[in-house]
Structure formats: C-alpha cells, structure tokens
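Here's the structure we're looking at; comments come further down.
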Amino acid sequence: MTGQLNTSGSPHIPARFSVTKVMGWVLIALIPAIFALLFYFGIGLIVQITLATLAGYLFEWWSLTWRHQPLKPFLTDLTVPVTAVLFALCLSPIAPWYVAVVGMFFAIVVAKHLYGGLGNNIFNPAMVAFATILVAFPQSMSLWLPPTGLTQFGELQTIDWKHTLSIIFVGIQNSDLAVDAVTAATPLTALKTGLQQGFSQSEIVQGMVFGDFGGLGWEWIANWLFLGGLVLLYKRIITWHVPAAVLMTTVAISTPFYLFNADIYMSPQQHIFSGGIMLAAFFIATDPTSGCSSHRGKLIFGAGVAILTVLIRNFGAYPDGVAFAVLLMNLSAPLIDRLTIPKPYGKKGHP
Amino acid sequence: MAELKDRLSTFHGGLVLKHHKELSAGSEVTEVDRPRSLTISLRVNRGHVSEPVVAVGDRVNKYQIIAQPIHPFGVVVHAPYSGTIRAIEERPTAAPDAESAPCIILDTDDRDDATDYMPPLTEFNRQTLINRMREAGILGMGGAGFPTHAKYDHHTQDMETLLIINGAECEPYITCDERLMLDQPEALIKGTDLLMQAATASRAVIAIEDNLGGVKSLLDKTIKQLGLETIDVVKVPTIYPTGGEKQLIKVLTGLEVPSGQTPLSLGIIMQNVATTKAVYDAVEHNRPLTQRLVTVTGDQVGRPGNYLTAIGTPFYHLLALADCPMSEIDKLVVGGPMMGYPMPSADIAVDKTTNCLLLLTADSSKPDLTTLPCIRCGDCVKACPQDLLPQQLFWYIQGDDLEKARDHHVFDCIECGACSWVCPSHIDLVSYYRYAKSELTYQDYKKAKAQLAKQRHENREQRLEDIKAERQAKRRAKTDKLKNKSQAKQEISAVLDRLKNKPKDDGESS
C-alpha cells in the first residue's frame, strides 16, 4: 500500500489534445500555402516568417517576464509561431525588417498581453499587427513582387536571395535595383488603381498580374489554403461554420454588385481567389479566442467578416478589407455570443 | 406520450472513447469470500441517512435489518452476513469525495444463520411489488442511488408508462452490467417483467450498446422462451454518454426530459440492469439487496474481472483477491474513468452503487499536465451532450459571476466529463460546474432563508404596530369621551338618576 493515493479529479484517462497540438496542426495546414507563396514570390517570405517568429518570441518572453507568468508552458504552446506565420503571410516578401518587428510588437505585446495573454485577447493578434502596419507603413505594404511567370515577359526581373536580403535589411533605395523593375502591384491594388483611373474591370483583368480565375499565383495560393483548411476540418480543429459562412456570404454579397455593374465591381471569383479572404475563412476568422463560440454565432461572425470585406473592397479606400473586417467582427463577437446562447437539452421549445 | 421510435435519434456531442472492456469482460464472475469485517454505509451517494436499529455488541443474522430509513428517500439496510456489531461510527465512504457518513462495522462469523425477514409474496400486484422493493432496500445501482420504490410510488397510474432497462454501460472499463446480462438473462427478463407490473407499463425496452456481441441474441432467445414478447432489446450506438438517463431517452424516443424534471414527466421509468436483477432476487428468492457485481480492472490488476461482492466489503479485500499490488497504483477510482471518484485509501468499502474499482498507474491516469488558459477553441461545445456552452460557463464561474452561469444553464450540466476530457488546455471544467451548482444552491437557500426571516420580521413589526394602534385608538376614544363635557354631564346625571330610581328593597336584600 502506497502512502498516498492520487485524488485529482476526473477524467482519469489521458487528455486527447493539447494547445500545442492544436497550434502545431494549424502550422502544418499552412505549409502548402507557404510553399506556393515561396514558389510564386521567392525566398522573401521565409525571411519574413523568421523575423516575425524571432521578434514574436522575444516580445512573448519579455511580456511574460513583466507579467510574472511562468515561461515554459507559454513559450512552448506554439501560439507565437502561428501568429507570426499568419502575419508574415500578409506581408510583402520584400517589406523592410522593421515592419515585421513593429507588427509583432503590436501583435504580442499590445493585442495579446495587454489584454491578459493567451485566451484573453479581444482582437486577433495577427490582424492587429497587419492593420497597424497597413496604416503605419503604407508604402512598404504596396510594394509586392511580381509572381513567377510574369518575369518571362522581360519587363520585370526576378531577384535572387542576396537581393531579397539586401532589400529587406538595407532598403530598396540603397540597392542597385530599379524599384519598378522588381516590384508589381498585388491584383487587388491593380484593380483598385485601375478603377480609379477609369478603366473597366474587364480591361484591368487582362493585365499582367491576373491569372485564369483570380490574381496570377494568388489563385493557386488560395487553393492551397483551401486544402490546408480541409486538413483543419478533418482534424476537427475548426468547424465548417466559419469558412462556409465567409465563403458563401462573399459570393452572395458580391454577386448582386457584379450583376449590377460588372465594370466597376469585382466578380465573386475575384473576391474569393485574389487577396486574403481564403486565409481569413480558414485561418483568421476561425481563431476561437477572438471569435464566437456557438454554431449560430460562428455563422453570423463569418457572414459579418465577408460582408464587411466586400463592402470595404468595393467602396473603401483600401484594396483589401479583410483585416479591418475581422477586427470589427472581433468587437461584435461578445454581443453575438450573448444573443446566440444555444438552448440546452430539455429546454428546446420552452422559453 | 413516450414511445419507442423505429429509428433511433441522436443527441448533441458525445465522444468515441477507447472502451478497454476486454480486460474484464471475458472472465467468469468470481464470488468473493466472506471478509472478516464489513463497513456498511448508512448513506448512499448523496442520499439520506438511515437510522441504525441495532446497538454495538448485538449479534445479527444474515439478512436482518440493521438500519431503517427516517426519510422517504432513504433505504432499508440489511446485514449481508451473520455477525456481531463492532461499532457504529463516521467513516469515509465510497460516495463522491469519499465523504464521511455513519457506518455500521460488522464483524462477520461463519455461522451463517439466515432469517427469513421477507416472506414469499403471495400476491403480485403493483403495491405488493413496490413494498417489496422498499423492504429489500433496493436503490438505483447504476450510480445515482435513488431509492427504486420512490420512482414507482410517484408515478400516476392513469399514465401510459414506458419502462427502459439501461444496459448501456457507456463508461470505459466497466463490464459488470454486460456480465450480468450474459450470465443471468432469465433473471433480467423476469425482473423486467416484474418492473413492468410495478409500473403498469405495457412495453419495456432493454437498451444495450452495439459493441456487445452476443448479448442481444441471448436476450432475444430468452424473451422468446419466456413468452414475454412485450420486451424489446435495442442496440444503441456506443457513444459516450449514451448510458446517461437523458441521453438514452433521447436516443430511444426522440424526446427530451424537460429541464429540471424527471423522466416520469414523459411517462418513462428507467432502471439499471443490476437494479432489475435485485428486484428479481427480492421477489423470487426473497433476498434483500446485500451483494452486487463489482468490476475490478485497470493497470497492474493480475485478475481483472467481475466480483460478486457483499455490500460493505473493504476495497483492499477485493483488490487482494484480484491480485492487485497496491505499491504501483497511483489512483483508485470508484466508477469509470470519466465520472468516477478517486478514493484516498483502500480501507473504504463497497456500497450499493459501487459498480467498478478502476486502478491506474501514474502513466495512464491523468499525467501531471499544466493547465493553460482557455483559448475558447470550442471543443467542449462540440462534445457537450447537453448542448451547453462549457467555455462560457467556465468564463463566468472563473469571474465569480455565478448568476450568469445560471443563465447559461449550469444546472443542466450532467457532469459527464466530456468537456474536461477534450479540453486542450487541460482545465478541470467539471469541478468548476460542481462548485457553481453547490454555491448557487447554497446562495438560493440562504436567500430563501433571509427572505423568510425578513417576512417574519415584517409580520412581527406589523403585529406590534397593530396592537399599538389598537391601544391608542381605545385610549383616544376614552379621552375624547372625557373631553366632551356636556356628554359627560349627561352620562353622570344618567347614572345618578338610575341610582335615585332604584327600588328601595335593593338595599335590604344586600
């Protein structure tokens, strides 16, 4: 007979899952899209991911220290790399190094730890970071690279890893490259500026940066993100509610605009396949901490993200509105949650 | 009214668990030898305490009544063996948290004098059967421990009743009900028939999980042999917690027990298979409930299996028989791994609801996991069979906003542990809900008491006020009278007149 039996509470069988595993699967699900981005836009993304992750861990360690929190469980839960990768995916591959660092400061210190750390953040940290730098460094966010496949036309040239590093760490002005020769607008920016200059949509999508059904390269990145999303659904890390609501509402809202005037409003397929809506549908709006908890709440939340995104894209000043749409819906999540408490067993049909 | 549906329904959430039943299901039932002393609890689970009717030093016979209930929801307690009462004292019991309760400690002997405390039934009707359940001290042996006769007492006879025999042992590891169905199909079916008479039910259904091979065909064959075709055997999906009362009713009938009510409100009575067998024993063999099947299983158990154990047998006696070295055991759980209660020591004894002793080493019991903050992942929402929002409940309870937890239906939680198990942050959610429920109940009780006291106080104040007002009114009337001089003069003269006109003989006579 041992001296003391363990009397910790039930259940008495090992847990199924852990936060680390959840976050690990999110990272795994992002791998196909990361490779697609690398293929189309070069090595810069790896640098951005590394920068963001290192900066993220630094800020996490610093925040945990001043908040007197235990270091080990929180530094090993893989939430920092998830935030960092999601944020880096939104960055231009050749954005200057300080963009990633400042963004991660806002993600980890402001959005996460000032609100109480893991599980207590009201806003999605990656989107807070992205929105901040979108406002703070608009110039560097508009400088994207042309996707592979465009450079064969001769007007543009690809840049190798040495040039990538020098642009990120020294600056494009100080390098020996001509800015116009190595950068190109993102499809959504091209569309926005084209429309502002008085071109019609059908003319604009004939342009270089557009592919078969979305932005060139972007359409395939969206497909790989979709695949990653299916992995998360299969592993039951997310439910179908948010992605379905985001994608279906995007189509449902953008179609009437497009039918009303196809010259100035984007087609539903452009909405889905260029820009951030696919990333948002499976990886951003599904963030449980800043989203809704009931199934009905998730549907409303996803639909809200889609409606706001389409409205910002069609009428707003920014080419893409996903980040702002998500942040606005984050604000509404507590209210939606309160209004969508499900009826439990035995109370259905009763007030 | 409640009817069996051709197609089974489903309930929200639930889990598919590794069932580990093969460990103990295969072997034959072992009859446990007589322990030298028994510790018989006078309270089962969260029920009411029975009053001992024997004194220390008394010699009792087998089946003799040793305690009587003082509350309608208490049960009669019998001596499983003949012997001498050594002590009547508070001891930790196999109830949740090993709560202490009065226990009778009985030193057994081998004289085995049995007395017929229950004569054979001469008449079989609803009332005699219910009385027999009461006399035999039968209660829900599936875990709830609710006195069985009380279920039948309460039901109104004009209602069409459906009897459900619960053979869906949804917790992993436990196999005592499965073993009972395999070994004693006839007793079970006959017991079901008796319960149908007690409930005046025209239909009964025995629900078993679909991973039990051979049980359904065996029961079907027995039903045919006995000619009791009003009893059906239905296989239900093996999803934890199908064996929960509310979930099983939903699966079988598609109905939901209204919140805060019992299945009786739907005209349903549910009984565990072990209870059914106990009723059969009480009626056919005139045996009170003094023994039950206990599954002993888990890691390091040399002879896992089912043991026919006398109520009051200490765990260590059973564990020695099952060849279980306690040195390597980290946890001793009464019940299954999802809802069972860890016991602080092996000196505690089996009671009428102890269905399983689960022994776990440190590796396979919950390892020492760090609890992280809730990330609101919603896994608990997906798993909850009651369709609650466990993470919101947790949020409010953690913030001590218990009224919000009530609004989020914390009282509908059945404490099945599904949420705790799936939680990636390893939060012991069920403990929070238990805390909230008991705290809210206590607060309500205090509030009701304060309300009553306030009411009493106000009533008293009102009474004093009334008395005072009455007195004042009288006094005022008197002074008013005196103030009015003309009226006073008139009255005085009237009195004087009366005295003057008095007949003279008045004075003589006095």
Side-chain angles (χ1 to χ4, degrees), chain A residues 1-23 69-70 72-74 76-77 79 116-121 236-239 241-242 286-295 297-298 333-334 337-338 340-350, chain B residues 11-12 17 172 246 250 256-259 261 316 326-327 329-333 337-346 358 360 362 364-367 369-370 372-379 381-382 385-389 391-392 407-409 412 417 420-426 428 430-431:
Chain A
M1 175 89 215
T2 42
Q4 198 64 54
L5 285 169
N6 182 350
T7 53
S8 64
S10 62
H12 310 290
I13 38 180
R16 182 182 64 167
F17 233 46
S18 68
V19 174
T20 311
K21 279 187 192 162
V22 171
M23 297 300 160
Q69 296 287 311
K72 191 174 162 253
F74 290 106
T76 54
D77 64 13
T79 48
L118 177 68
N120 294 309
N121 45 303
R236 298 191 186 189
I237 287 165
I238 59 173
T239 60
H241 302 82
V242 170
T286 49
D287 169 33
T289 308
S290 54
C292 290
S293 43
S294 67
H295 292 335
K298 282 177 180 169
D337 265 345
R338 189 164 295 185
T340 55
I341 303 173
K343 283 256 184 327
Y345 178 107
K347 281 197 174 138
K348 297 200 170 76
H350 305 273
Chain B
F11 56 90
H12 178 270
L17 300 170
K246 292 176 173 177
K250 174 93 198 229
E256 293 188 357
V257 182
S259 175
Q261 296 189 43
Y316 61 77
M326 283 308 287
S327 55
I329 295 306
D330 177 53
K331 235 182 201 182
L332 165 59
V333 177
M338 297 301 286
M339 294 181 74
Y341 295 96
M343 288 289 133
S345 111
L358 175 60
L360 298 166
S364 62
S365 74
K366 194 158 63 181
L369 295 166
T370 333
L372 286 180
C374 167
I375 57 165
R376 300 180 15 111
C377 66
D379 282 358
V381 182
K382 281 184 263 176
Q386 289 288 93
D387 218 346
L388 304 171
L389 288 176
Q391 92 281 38
Q392 296 295 94
D407 291 345
H408 280 69
H409 316 289
D412 288 294
S420 303
W421 188 66
V422 297
C423 181
S425 293
H426 313 303
D428 187 2
V430 174
S431 298

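Just so it is clear: chains get the letters A, B, ... in the order the sequence lines come, proteins before strands, and each one is counted from 1.
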Next on the checklist: Let me confirm one number: the NE2-CE distance from A/His12 to B/Met339, rounded to the nearest 0.5 Å.
Outcome noted: 10.5 Å
Item to check | Heavy-atom proximity to chain A below 4.5 Å, by part of B/Val333 | outcome: side chain
Next on the checklist: For the NE2 atom of B/His426 and the CZ atom of A/Phe17, what is their distance to the nearest 0.5 Å?
Outcome noted: 10.5 Å
Next on the checklist: Heavy-atom cut-off 4.5 Å, strictly under: side chain, backbone, both or neither for B/Ser431 against chain A?
Outcome noted: neither
Next on the checklist: Tell me which of these, B/Pro172, B/Pro385, B/Pro373, has more heavy-atom pairs under 4.5 Å with chain A than the rest.
Outcome noted: B/Pro373
Checklist entry - Should the pair B/Arg376-A/Asp337 be classified as a salt bridge under the 4.0 Å nitrogen-to-oxygen rule? => result yes
Next on the checklist: I need the residue from A/Lys298, A/Arg236, A/Lys72, A/Lys21 with the largest number of non-hydrogen atom pairs under 4.5 Å to chain B.
Outcome noted: A/Arg236
Checklist entry - Using a cut-off of under 4.5 Å for heavy-atom pairs, which of B/Pro342, B/Gly417, B/Gly340 has the most such pairs with chain A? => result B/Pro342
Next on the checklist: Could you check whether any side-chain heavy atom of A/Pro342 comes within less than 4.5 Å of a side-chain heavy atom of A/Ser294, counting everything from C-beta outward?
Outcome noted: yes
Checklist entry - Under a 4.5 Å heavy-atom cut-off, does chain A meet the side chain of B/Gln392, its backbone, both or neither? => result side chain
Item to check | Distance (rounded to the nearest 0.5 Å) between B/Cys377 SG and A/Ile238 CD1 | outcome: 12.5 Å
Checklist entry - Considering only heavy atoms, which portion of A/Val19 lies under 4.5 Å from any heavy atom of chain B: side chain, backbone, both, or neither? => result both
Checklist entry - At a heavy-atom separation under 4.5 Å, does A/Asn121 approach chain B through its side chain, its backbone, both, or neither? => result neither
Checklist entry - Could you give the distance from NE2 (B/His12) to CD (B/Glu256), rounded to the nearest 0.5 Å? => result 11.5 Å
Next on the checklist: Report which part of A/Asp77 has an atom under 4.5 Å of a heavy atom belonging to chain B: side chain, backbone, both, or neither.
Outcome noted: side chain
Checklist entry - Tell me, do B/Leu388 and B/Asp412 make a side-chain contact under 4.5 Å, heavy atoms counted? => result yes
